[in-house]
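Below: the structure, in structure tokens.
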Amino acid sequence: MRTRFAPSPTGPLHFGSVRTALFAWLAARHAGGAFILRIEDTDQERYIPGVEALIIETLRWLGLEWDEGPETGGPHGPYMQSERTELYRTHAADLVRGGAAYWCTCTPERLAAMRDEQRARHEPTRYDRRCLGRQDEVERERRAGTAAVLRLLMPPGTTEWDDIVRGRVSFDNAEIDDQVLLKSDGFPTYHLAVVVDDHLMDVTHVIRADEWIPSTPKHLALYTALRWDPPRFAHVPPVLDTDGHKLSKRRGARNVLEYGELGYVPSAVVNAMALLGWSSGTDEEVFTPDDLCRRFTLERIHPAPAVFDPKRLDDLNGVHIRRMDVEELVEALEFHLPGTSKDTRRRLVPLLRERIVTLADATRLAEPLLGEPVRDDSIEFPPKGVSDDVAGALLDACIAAVEAGGLDDLEQLRETLRHDVDERGVKARVAFRVLFIAVLGSPVGLPVFDSMAFLGQETTLARLRTARTRLLRSSRNGA
RNA sequence: GGCCCCAUCGUCUAGUGGUCAGGACACCGGCCUUUCACGCCGGUAACGCCGGUUCGAUCCCGGCUGGGGCUACCA
């Protein structure tokens with residue numbers, strides 16, 4: 001099996017377009033086949049420089065490596081359509097010779113007027129073949145320099161194919177327009193280029209968005225005219241946003257690369273994408289890329305459009321993070337805990353792992369351990385349910401214990417302090433908020449005794465004493 | 001206007017001519033617990049509508065409705 005992903009460099013990749021690439025990649029990997037990357041840059045007007053670099057970076061980040069394509073090369077190159085124009089012209093000439101295509105010099109104005117009339121008559125809009133009956137004349141016009149396009153002569157009859165995700169699809173050819181194959185600037189349209197390239201690159205399975213279904217009969221007609229065996233088609237449904245609209249650049253669909261900056265890990269993004277429109281048929285839903293390669297088949301793609309739910313990605317991201325081993329996480333966290341050493345991160349990971357949804361959460365959570373905790377006076381201190389006396393006694397006990405080396409045995413330290421507050425009739429879960437605020441600056445956050453151990457005796461004592469002082473001052477003011 | 005695609009909880013989905021219509025996320029309870037989180041237990045929640053075929057339809061067929069797409073010298 002040979003599949004390809006053929007994006008046009010008109011903007012960065014979003015979740016929907018990458019999911020199509022993922023499906024093509026998975027299908028190839030599952031079958032032990034090849035995955036090809038080809039850049040469809042035949043539209044000179046919409047081309048945005050630099051975007052192909054972005055596309056390449058996105059696929060690499062996700063681990064969707066291609067066997068043939070830009071940068072890696074391959075036996076069927078070049079893999080940029082703009083460098084293959086000679087190929088398209090050659091095959092266009094074949095089509096003309098075989099009577100499957102003809103030149104047309106109709107102006108855009110005439111074409112527009114023609115369509116308006118057809119629409120008014122409730123007919124399908126398609127070229128009326130005016131130029132087909134006057135080819136000698138058209139030839140003279142072309143020689144004289146009149147702009148001309150090459151059109152496919154759509155044969156009569158019906159076109160049918162067995163789509164891997166849709167089943168049998170069929171069209172009445174009479175409804176299909178004589179598609180422009182070569183534009184007047186000499187560049188091919190998508191329709192000619194895609195057929196020539198897919199065939200020359202030996203693509204066996206065309207996996208693309210279902211918006212291409214209506215033009216598939218044109219492509220099939222081209223395969224027939226060129227006497228080539230057509231590939232199998234799998235038209236995959238679109239990914240919708242929460243409002244039910246198709247994901248698009250225009251509607252602000254996020255560049256997939258941004259998910260990395262936001263702290264999502266590639267394996268989770270891949271997992272979430274795969275689950276949009278595909279299921280394993282079992283109850284399992286957490287998969288590594290390797291798992292997916294093993295289990296993915298095109299036949300199990302659900303034909304209905306899918307709404308992308310960011311909550312699902314969050315969940316999966318947390319799961320994938322929790323499944324990473326310490327060293328992987330130490331590596332992954334480098335960007336979000338800037339300036340930390342590997343060893344620091346190694347000590348932080350056990351505290352963070354269970355409580356971050358994205359890697360970026362680590363920045364906020366670890367902050368009080370990496371810098372000074374910011375005192376937030378909107379946080380009640382001592383907290384509700386804890387008297388000044390109890391808070392003071394707890395801090396004193398904690399200070400004394402830490403001075404005596406209590407951080408060497410956190411379990412023991414905790415039990416001692418818990419016993420103390422218990423005797424004063426206060427629940428540890430309530431009283432310990434004093435410690436949280438003292439050490440972390442907030443009543444919620446990382447486990448407080450582990451945090452003390454991370455900070456070390458000196459820093460811990462400093463923070464406890466600062467809190468103790470703050471307490472004295474406030475109770476004096478209060479009295 | 002013409003043509004095409006799609007339709008199961010809020011979301012992603014499984015599913016069969018006879019099922020208590022299953023799972024996951026989210027949500028709501030509870031447990032665990034030094035906070036938070038993790039984890040565990042439980043709960044709310046779906047076959048769009050109308051016909052037909054059939055002893056019986058979520059499942060097969062048709063229509064409708066709804067959503068999406070194509071209808072360019074864009075992809």
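The figures here come from the full heavy-atom set of this structure, side chains too, leaving out hydrogens, waters and symmetry mates.
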Using the side-chain heavy atoms of [X], tell me which of these nucleotides is nearest: [options].
X	options	value
Glu40(A)	A75(B), C6(B), G2(B)	A75(B)
Val307(A)	U11(B), G69(B), C73(B)	U11(B)
Arg119(A)	C38(B), U71(B), C74(B)	U71(B)
Ser8(A)	A75(B), C6(B), C70(B)	A75(B)
Pro447(A)	U34(B), C25(B), G68(B)	U34(B)
Phe449(A)	C73(B), C3(B), U34(B)	U34(B)
Glu354(A)	G2(B), A37(B), C12(B)	A37(B)
Glu211(A)	C5(B), U13(B), A75(B)	A75(B)
Ser279(A)	C5(B), U13(B), A7(B)	U13(B)
Ala306(A)	U13(B), A75(B), C25(B)	U13(B)

Determine the Euclidean distance between corresponding [atom1] atoms of [M] and [N]; express it in Å to zero decimal places.
N	M	atom1	result
G48(B)	U33(B)	C1'	46 Å
C36(B)	U58(B)	P	46 Å
A46(B)	U11(B)	P	12 Å
G52(B)	C41(B)	C1'	47 Å
A37(B)	G30(B)	P	14 Å
C55(B)	C49(B)	P	24 Å
G15(B)	C5(B)	C1'	23 Å
U54(B)	C61(B)	C1'	12 Å

Does [X] put a side-chain nitrogen or oxygen below 4.0 Å from OP1 or OP2 of [N]?
X	N	value
His235(A)	G69(B)	no
Arg126(A)	C3(B)	no
Lys183(A)	C74(B)	yes
Arg208(A)	A75(B)	no
Arg19(A)	C12(B)	no

Starting at [atom1] of [X] and ending at [atom2] of [N], how long is that distance when rounded to a whole Å?
X	N	atom1	atom2	answer
Phe287(A)	C25(B)	CZ	P	14 Å
Arg418(A)	U33(B)	CZ	P	8 Å
Gln118(A)	A72(B)	CD	C1'	14 Å
His245(A)	G66(B)	NE2	P	15 Å
Ile213(A)	U71(B)	CD1	P	13 Å
Tyr127(A)	G2(B)	OH	C1'	20 Å
Phe15(A)	C12(B)	CZ	C1'	12 Å
Arg429(A)	A37(B)	CZ	C1'	14 Å

Establish, from distance only, whether the side-chain atoms of [X] and [Y] form a donor-acceptor pair under 3.5 Å.
X	Y	value
Tyr102(A)	Asp178(A)	yes
Tyr127(A)	Gln118(A)	no
Thr363(A)	Glu367(A)	no

Could you tell me whether the side chain of Glu284(A) has a donor or acceptor atom within less than 3.5 Å of a complementary atom in the base of G23(B)?
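Not at all, since no donor on one side and acceptor on the other fall under 3.5 Å apart.
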On the side chain of Arg355(A), is there an atom forming a donor-acceptor pair with the base of C38(B) - under 3.5 Å, no angle test?
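A donor-acceptor contact between them is absent.
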Which part of the nucleic acid does Val149(A) contact within heavy-atom distance under 4.0 Å: base, sugar-phosphate only, or nothing?
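It contacts base atoms.
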Nearest atoms (heavy-atom pairs only) where [X] meets [Y]:
X	Y	result
Ala92(A)	Leu150(A)	CB-CD2, 3.7 Å
Ala428(A)	Val421(A)	CA-CG2, 4.0 Å
Ala234(A)	Val165(A)	CB-CG1, 3.9 Å

Nearest-nucleotide wise, let me know which of Asp309(A) and Val448(A) is further upstream toward the 5' end of RNA chain B.
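Whichever sits nearer the 5' end wins; that is Asp309(A).
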With nearest nucleotides of RNA chain B determined for Asp185(A) and Leu313(A) from heavy-atom distances, which residue corresponds to the more 5′ nucleotide?
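So the residue in question is Leu313(A).
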For C64(B), the Watson-Crick or wobble counterpart (both distances under 3.5 Å):
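Checking every strand shown, C64(B) finds its partner in G48(B), with both distances under 3.5 Å.
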Cation over ring, Arg254(A) on Phe15(A), under 6.0 Å and within 45°?
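Ring-cation test returns no.
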Is NZ or CZ of Arg142(A) both nearer than 6.0 Å to the six-membered ring centre of Trp103(A) and within 45° of the ring axis?
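Here Arg142(A) passes the 6.0 Å and 45° test against Trp103(A).
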